[in-house]
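Report on the structure given below.
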Protein chains: 2
Amino acid sequence: MKSILIIEDEKAIAELERDYLESYGFNVHIEGRGDTGLQKALDGEYDLIILDVMLPKVDGFEICRQIRQASNIPVLMVTSKKEDIDKIRGLGLGADDYMTKPFSPSELVARVKAHLARYDRLTADKTKRGEHIRIRGLFIDKPSRRVMIHENEAMLTSKEYELLLLLASHPNRVFEKEELFERIWGLDSNGDAATVTVHIRRLREKIEHDPSNPQYIETIWGVGYRFKV
Amino acid sequence: MKSILIIEDEKAIAELERDYLESYGFNVHIEGRGDTGLQKALDGEYDLIILDVMLPKVDGFEICRQIRQASNIPVLMVTSKKEDIDKIRGLGLGADDYMTKPFSPSELVARVKAHLARYDRLTADKTKRGEHIRIRGLFIDKPSRRVMIHENEAMLTSKEYELLLLLASHPNRVFEKEELFERIWGLDSNGDAATVTVHIRRLREKIEHDPSNPQYIETIWGVGYRFKV
DNA sequence: ACCGTTTCTTACAAAATTATTACGTTTGGA
DNA sequence: TCCAAACGTAATAATTTTGTAAGAAACGGT
């Protein structure tokens with residue numbers, strides 16, 4: 001779940017925003033002052049910050065500048081004065097968006113979603129080409145050895161991961177059980193290929209919606225398995 | 001110099017945009033049709049695309065979708081129909097911004113600049129720059145080699161600091177124990193990787209709230225460790 | 001539809017890996 | 001030089017993963 005920090009001294013506005021955002025499944029925290037807000041913002045625990053311009057102690061411009069020193073997370077500035085907009089732009093603070101009060105809550109949610117999506121898109125991009133595999137609802141990130149199945153992380157053991165990676169790296173190719181065993185367990189290993197069956201089963205348990213009717217790893221009778229695409 | 005592609009069938013509008021953008025030092029190219037525009041867009045020679053929704057041959061929605069398959073460059077959609085805005089959002093095309101005609105040229109330039117700046121900001125290599133790292137409640141200051149954990153300084157020893165820095169410099173990446181040992185102790189070192197285990201333990205003792213349920217440094221069974229983010 | 005073969009599925013025990021603690025040695029600063 | 005902190009090693013405990021076996025189910029050819 002994404003977390004949003006609202007730095008806003010008008011309690012009524014802040015709570016309205018919070019209620020709306022929470023109803024869309026966001027995790028929301030409110031800070032009423034500039035100084036404490038800045039501290040929270042720099043904690044790095046939030047995915048997006050909604051920042052009022054006029055604040056006690058430290059104003060929104062300064063907070064935005066300081067956030068940008070430390071991170072690139074989306075900052076959405078809010079103001080009631082139209083002339084602030086030019087100032088935000090002119091100062092080159094690096095705010096991602098700005099809205100003038102009053103604004104509709106649905107407009108706020110739409111923008112928040114858009115910014116979060118873009119941020120994910122652009123920062124996920126640093127995973128260079130070939131460092132991850134995406135096939136249907138399955139996502140394999142090699143550097144982190146993580147596997148996501150429809151947004152949820154599948155906690156695979158070492159052997160399960162290697163098995164999946166090998167299969168998914170060669171979509172549709174059929175691997176004999178013996179080959180799988182040799183490539184993952186090693187040529188010298190003394191076990192037998194029945195082990196593969198059990199591991200395939202355990203893997204399916206974790207990545208398939210219905211392990212008995214697998215969508216990803218298909219059994220090729222009398223031969224072995226393949227990753228279906 | 002940044003290059004901008006305008007895909008727009010109304011010549012007058014396109015040329016107005018072009019003149020204005022050029023006066024701000026941008027390199028501008030105009031395409032009047034959807035199909036040729038898409039081709040140009042996929043060429044990868046532009047830094048930003050201004051995209052009209054209603055176009056001959058292929059419409060703006062489709063172009064946007066296809067651009068997003070291939071890259072993350074900023075796409076600014078333009079339309080004269082207000083209801084298109086909701087459509088752009090609803091479809092989740094990944095457009096970065098949208099403007100309704102008529103709009104002021106200075107507004108256009110301001111947005112273009114903002115999107116280009118953000119894109120540069122987010123795609124710049126993260127690990128290179130920065131004297132410090134901030135992830136969740138953890139703060140690592142490289143010049144002073146100090147580590148703060150939720151406002152409190154953690155007194156790390158040399159090896160502990162190097163371990164943490166290496167891990168935190170590559171968030172989520174899994175390091176094998178052997179690699180950690182080699183990179184911190186040196187290739188020539190005669191010890192073994194079990195040492196890493198003990199140091200990880202000591203490090204956790206200092207930075208984790210509950211060292212037995214680590215929030216930062218995760219164990220990857222059978223492989224090594226990684227800094228979780 | 002039957003039968004031999006292959007795979008699925010489950011449960012349990014063995015094996016491997018990491019966590020944790022303790023202790024002796026080394027290092028660097030006072 | 002002395003002392004305290006840092007470090008490496010080893011032994012043990014705790015935990016997770018893995019291999020094996022055995023009965024059930026599914027398949028394919030006849």
Side-chain angles (χ1 to χ4, degrees), chain A residues 145 147 154-167 174-186 188-226 228, chain B residues 145 147 153-165 167 174-228:
Chain A
R145 295 177 69 101
V147 174
M155 304 303 294
L156 304 187
T157 69
S158 185
K159 288 280 188 292
E160 286 159 6
Y161 175 82
E162 288 174 44
L163 208 42
L164 176 62
L165 182 60
L166 177 56
L167 290 167
V174 178
F175 287 87
E176 295 182 15
K177 278 211 290 286
E178 287 70 23
E179 183 178 0
L180 289 173
F181 187 78
E182 284 183 4
R183 291 182 65 157
I184 290 173
W185 277 261
D188 52 334
S189 195
N190 55 353
D192 82 10
T195 300
V196 176
T197 313
V198 175
H199 278 268
I200 289 283
R201 161 65 186 167
R202 288 177 180 149
L203 179 53
R204 281 175 173 162
E205 198 77 47
K206 292 178 182 175
I207 66 168
E208 299 282 2
H209 173 62
D210 174 7
S212 299
N213 290 69
Q215 302 302 302
Y216 295 110
I217 297 175
E218 190 179 16
T219 300
I220 309 300
W221 238 82
V223 187
Y225 302 92
R226 74 163 186 182
K228 184 168 52 177
Chain B
R145 293 174 70 98
V147 174
E153 182 167 4
M155 304 304 295
L156 303 188
T157 70
S158 174
K159 289 281 187 290
E160 286 159 7
Y161 175 81
E162 287 175 45
L163 253 182
L164 177 61
L165 181 61
L167 289 167
V174 175
F175 287 87
E176 296 183 12
K177 278 211 290 287
E178 287 69 24
E179 184 178 358
L180 290 173
F181 187 77
E182 284 183 4
R183 291 182 65 158
I184 290 173
W185 276 262
L187 290 153
D188 52 334
S189 195
N190 55 353
D192 80 5
T195 302
V196 175
T197 312
V198 176
H199 279 267
I200 289 282
R201 161 67 186 166
R202 289 177 180 148
L203 178 53
R204 281 175 174 162
E205 199 76 48
K206 293 178 183 174
I207 67 168
E208 299 282 1
H209 172 62
D210 174 6
S212 298
N213 290 69
Q215 302 302 303
Y216 295 110
I217 297 175
E218 190 179 16
T219 300
I220 308 300
W221 249 83
V223 186
Y225 301 91
R226 75 164 187 197
F227 192 96
K228 183 168 54 176

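Convention: sequence-line order gives letters A, B, ...; per-chain numbering from 1.
Distance A/His199 NE2 to C/dT10 P: 16 Å, rounded to the nearest Å. Rounded to whole Å, atom P of D/dG19 lies 11 Å from atom CG of A/Leu163. The CD1-P distance, from A/Ile217 to C/dC8, rounds to 11 Å in whole Å. Atom CD1 of A/Ile220 and atom C1' of C/dT7 are 13 Å apart (whole Å). Computed from coordinates, the B/Arg145 CZ to D/dA6 P distance equals 13 Å when rounded to whole Å. We find that CG of A/Asp192 is positioned 13 Å from P of C/dT6, with the value rounded to whole Å. Taking atom CG on A/Asn213 and atom P on C/dC8, their separation rounds to 12 Å, with Å as the unit. Between the NZ atom of A/Lys159 and the P atom of D/dT20 there is a distance of 12 Å, rounded to whole Å.
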Start with the C-alpha distance between B/Phe227 and B/Leu164, add both sets of side-chain angles, then the distance that settles side chain to side chain contact (heavy atoms under 4.5 Å, CB included), and finish with yes or no.
CA-CA 8 Å; B/Phe227 192 96; B/Leu164 177 61; 3.9 Å; yes
Run the side chain to side chain contact (heavy atoms under 4.5 Å, CB included) test on A/Glu179 and A/Leu166 for me, step by step, so that the C-alpha distance in whole Å, both residues' side-chain angles and the decisive distance to 0.1 Å come before the verdict.
CA-CA 11 Å; A/Glu179 183 178 0; A/Leu166 177 56; over 6 Å; no
Please step through side chain to side chain contact (heavy atoms under 4.5 Å, CB included) for the pair B/Arg204 and B/Thr219, ending with a clear verdict.
CA-CA 11 Å; B/Arg204 281 175 174 162; B/Thr219 300; 2.7 Å; yes
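A residue-by-residue look at B/Thr157 and A/Phe181 shows that B/Thr157 has its nearest nucleotide of DNA chain D further toward the 5' end. Remark on DNA chain C: of its neighbouring residues B/Val223 and B/Val198, the 5'-side contact belongs to B/Val223, judged by nearest-heavy-atom nucleotide. For B/Ala194 and B/Met155, each mapped to the nucleotide of DNA chain D holding its nearest heavy atom, the one lying further toward the 5' end belongs to B/Met155.
Distance CD/A/Gln215 to CD1/A/Ile207: 10.5 Å, rounded to 0.5 Å. A distance of 11.5 Å separates OH of A/Tyr161 from CD1 of A/Ile184, quoted to the nearest 0.5 Å.
Using five terminal pairs a side, the axes of the helix from C/dA1-D/dT30 to C/dA30-D/dT1 at its two ends make an angle of 50°, given in steps of 10 degrees.
Considering only side-chain atoms of A/Trp185, the nucleotide from C/dT18, D/dG19, C/dT7 that sits closest is D/dG19. Taking only side-chain atoms of B/Thr197, from C-beta outward, the nucleotide of C/dT7, D/dA10, C/dT18 with the closest atom is C/dT18.
Among the atoms of the strands shown, only primed sugar atoms or phosphate atoms (P, OP1, OP2) are found under 4.0 Å from some heavy atom of A/Tyr225. Counting non-hydrogen atoms under 4.0 angstrom, B/Val196 reaches nothing in the nucleic acid.
Of the side-chain N and O atoms in A/Thr195, one or more sit less than 4.0 angstrom from OP1 or OP2 of D/dT20. The phosphate of C/dT20 (OP1 or OP2) has a side-chain N or O of B/Ser212 nearer than 4.0 angstrom. Under 4.0 angstrom from either OP1 or OP2 of C/dT6 there lies no side-chain N or O belonging to A/Lys177.
When each of A/Arg202, A/Met155, A/Glu205 is checked for a side-chain contact (heavy atoms from CB on, under 4.5 Å) with A/Glu160, only A/Arg202 meets the rule. Under the side-chain contact (heavy atoms from CB on, under 4.5 Å) rule, B/Pro214 has a single partner from B/Glu208, B/His209, B/Lys228, which is B/Glu208.
Remark: side-chain polar atoms of B/Glu176 are not paired, donor with acceptor, to backbone N or O of B/Val174 under 3.5 angstrom. A/Glu218 places no side-chain N or O within 3.5 Å of a backbone atom of A/Tyr216 that could act as its donor or acceptor partner.
In this structure, the side chains of A/Leu167 and A/Leu180 come closer than 4.5 Å at one or more pairs of heavy atoms. At a threshold of 4.5 Å between non-hydrogen side-chain atoms, the residues A/Phe181 and A/Asp192 do not count as touching. Side-chain contact between B/Val198 and B/Lys159: absent, with no pair of heavy atoms (C-beta onward) separated by less than 4.5 Å.
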Grab the N/O contacts between the protein and nucleotides 24-30 of chain D below 3.5 Å, and write none if there aren't any.
none

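Contact between A/His199 and A/Leu163 at its shortest, heavy atoms only, is CB-CD2, 3.7 Å.
Near DNA chain C, defined here as any heavy-atom distance below 4.0 Å, the residues from residues 200-211 of chain B are B/Arg201, B/Arg202, B/Arg204, listed numerically.
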